[in-house]
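Report on one structure; see the data block that follows.
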Amino acid sequence: MDKDLILLGHGSGGKLSHQLLDELIIPTLSGIPVSGQNDAAVVEHDGGRLAFTTDSYVVDPIFFPGGNIGDLAVNGTVNDLAMVGATPLFISVGLIMEEGFSRKELAAILVSMREAADLAGVRIVTGDTKVVPRGKVDRIYINTSGVGIFEHGLRIDGCGARVGDKVLINGTIGDHGVAVLSAREGLELESGMKSDSAALNGLVAEILKEGDAVHVLRDPTRGGVATTLKEIAVQSRVTIKLSEAELPFKSAVKGVCAILGLDPLHVANEGKFLAIVSPEAADLVLERMRNHPLGADAAVIGEVTEASAGRVQIETEVGGLRGVDMLAGEQLPRIC
């Protein structure tokens with residue numbers, strides 16, 4: 001394999017993505033250490049703090065059960081700001097389309113973006129539009145950037161996990177990835193599987209009422225729950241142990257993954273987040289999650305067990321213990 005070439009796996013959010021970031025992109029552009037690499041940047045400004053994030057969306061197909069590339073872009077940007085504890089306020093939108101793209105489909109995407117922004121309580125305030133020759137882009141790509149403010153003094157980032165903390169998730173795992181895969185491959189799922197794409201800032205605001213008991217928030221998008229927890233374990237230099245029996249999955253997700261040989265812990269989510277909280281507050285945070293429409297299936301799925309160089313393990317239902325690692329290669333390309 002030519003090491004000079006960029007591969008699909010470099011965009012997976014897994015091992016190859018981290019390798020590209022750590023070896024080339026971050027050292028060249030900013031030099032931000034691993035401990036500071038979170039879903040959004042937190043910058044000091046005029047005596048206060050701002051959160052800033054950007055993301056690009058290339059999902060295929062652009063319309064899928066439960067959403068489309070437009071509301072996915074807005075929700076994803078809102079969620080990245082929420083994961084550092086910020087209140088999302090403003091979003092920019094960059095559209096890159098190929099010549100011949102349908103005005104009707106563009107209109108539907110734009111309407112969904114506006115509706116998603118209104119629902120999340122954010123404003124789309126600026127943007128850019130480019131059109132390239134036919135065949136140079138696959139229909140439409142979208143870039144969104146977002147700015148948020150902090151209405152509290154909490155510091156929430158990936159290096160905040162502590163021994164004894166509990167790991168929570170607000171619902172079932174892998175819904176988005178399986179919904180997009182089913183639409184792409186024409187799979188007919190009896191359960192009517194839909195993407196979980198949603199803005200999570202309202203739910204995050206509820207659990208932040210528990211104050212400094214909330215140590216880490218992260219949404220497990222590309223690379224799934226396994227990759228995200230591995231990132232947190234490395235940043236915090238701890239071991240995180242999951243309980244297989246407590247992991248929430250829809251039957252359709254487990255069935256599709258079993259048939260295709262996929263690990264559901266590596267499948268992308270777009271309306272879920274992991275919360276690592278103090279053990280004393282875990283029950284209260286779980287209750288707050290379950291009282292919100294986006295947290296009805298919330299569960300405690302693991303705990304931080306010890307200081308280490310950054311490990312994730314899972315206790316299987318038969319009592320064994322196995323290691324969990326980042327996604328290797330590209331399991332499901334163009335999932336977001």
Side-chain angles (χ1 to χ4, degrees), residues 39-40 51-97 101-129 139-149 170-172 174-180 183-184 192-208 217-222 268-273 289 292-297 334-336:
D39 287 337
F52 179 68
T53 190
T54 190
D55 210 340
S56 299
Y57 294 83
V58 299
V59 65
D60 176 35
I62 57 175
F63 293 91
F64 48 82
N68 64 62
I69 191 172
D71 52 46
L72 179 67
V74 171
N75 291 337
T77 298
V78 166
N79 293 345
D80 282 349
L81 294 169
M83 292 305 110
V84 293
T87 299
L89 293 180
F90 307 113
I91 288 181
S92 73
V93 174
L95 304 173
I96 302 176
M97 296 172 286
F101 185 59
S102 163
R103 288 175 61 101
K104 182 177 180 181
E105 289 186 332
L106 176 60
I109 289 168
L110 296 177
V111 168
S112 73
M113 295 185 83
R114 177 60 185 270
E115 291 176 345
D118 290 345
L119 188 61
V122 300
R123 291 172 53 204
I124 298 173
V125 294
T126 190
D128 181 54
T129 301
R139 305 177 73 189
I140 183 172
Y141 299 154
I142 298 178
N143 172 271
T144 45
S145 297
V147 176
I149 61 172
N170 64 304
T172 51
D175 296 2
H176 174 74
V178 168
V180 171
R184 183 185 302 167
M193 191 75 206
K194 293 183 179 181
S195 168
D196 59 349
S197 177
L200 297 167
N201 52 320
L203 176 52
V204 168
E206 282 298 309
I207 73 167
L208 288 183
L217 299 172
R218 190 69 64 84
D219 56 336
T221 53
R222 292 177 305 160
N269 311 267
E270 291 291 345
K272 301 300 186 305
F273 71 97
M289 283 183 169
H292 191 279
L294 297 177
D297 296 317
R334 296 185 59 184
I335 209 70
C336 60

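FYI, the numbering just counts along the sequence from 1. In this text, all values refer to a predicted model and were calculated from it rather than measured experimentally.
Distance alone, capped at 3.5 Å, places no donor-acceptor pair between the N201 side chain and the V78 backbone. Formation of a donor-acceptor pair under 3.5 Å by the N79 side chain with backbone atoms of L200 is found in this model. Remark: the backbone N or O of I335 is paired with a side-chain donor or acceptor of H176 at under 3.5 angstrom. A donor-acceptor pair is defined here as one N or O able to donate and one able to accept, closer than 3.5 Å; no such pair exists between the side chain of D71 and the backbone of M113.
Separation of atoms OG (S145) and CD1 (I91) is listed at 9.5 Å; rounding is to 0.5 Å. Residue N143 holds its CG atom at 7.5 Å from CD1 of I96, rounded to the nearest 0.5 Å. To the nearest 0.5 Å, the span separating CG on L217 from CG on L208 amounts to 6.0 Å. Taken from CG in D80 to CG in N75, the straight-line distance is 11.0 Å, to the nearest 0.5 Å. To the nearest 0.5 Å, atom CG of residue N269 and atom OG1 of residue T221 are 8.0 Å apart.
By the 4.5 Å heavy-atom criterion applied to side chains, I142 and S56 are not counted as neighbours. By the 4.5 Å heavy-atom criterion applied to side chains, I109 and F101 are counted as neighbours. Proximity of E115 to V111: side-chain heavy atoms (C-beta onward) are separated by under 4.5 Å at one or more points. Side-chain contact between V204 and M83 is present, with at least one heavy-atom pair separated by less than 4.5 Å. A heavy-atom distance below 4.5 Å is found between the side chains of M193 and D175. Looking at heavy atoms from C-beta onward, V122 lies out of side-chain contact with T77 at the 4.5 angstrom threshold.
A salt bridge is absent between D60 and R139; no separation between the charged side-chain nitrogens and carboxylate oxygens falls under 4.0 Å.
A side-chain hydrogen bond (donor to acceptor under 3.5 Å, both in side chains) with K272 holds for exactly one of D219, N170, D196; it is D196. Exactly one of N68, V74, I62, I69 qualifies for a side-chain contact (heavy atoms from CB on, under 4.5 Å) with Y57. That residue is I69. Among the candidates L81, I149, V125, I124, the single residue satisfying the side-chain contact (heavy atoms from CB on, under 4.5 Å) test with F90 is V125.
Not counting sequence neighbours, the partners of R334 by the salt bridge (Lys or Arg N to Asp or Glu O under 4.0 Å) test are D138. Scanning for salt bridge (Lys or Arg N to Asp or Glu O under 4.0 Å) contacts around D39 gives R218, with sequence neighbours left out.
Between the side chains of T172 and D297, no donor-acceptor pair is found at a separation under 3.5 Å. At a cut-off of 3.5 Å, with distance as the only test, no side-chain donor of T144 or D55 sits close to an acceptor on the other residue.
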- [ ] Quick one: do L95 and T129 satisfy side chain to side chain contact (heavy atoms under 4.5 Å, CB included)? Show the steps, please.
- [x] CA-CA 5 Å; L95 304 173; T129 301; 4.1 Å; yes
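Between S195 and S197 the shortest heavy-atom distance is OG-N, 3.0 Å. Counting all heavy atoms, side chain and backbone alike, A199 lies closest to A120 at CB-CB, 3.7 Å. In plain terms, the two heavy atoms of P65 and A179 that are nearest each other are CD-O, 3.7 Å.
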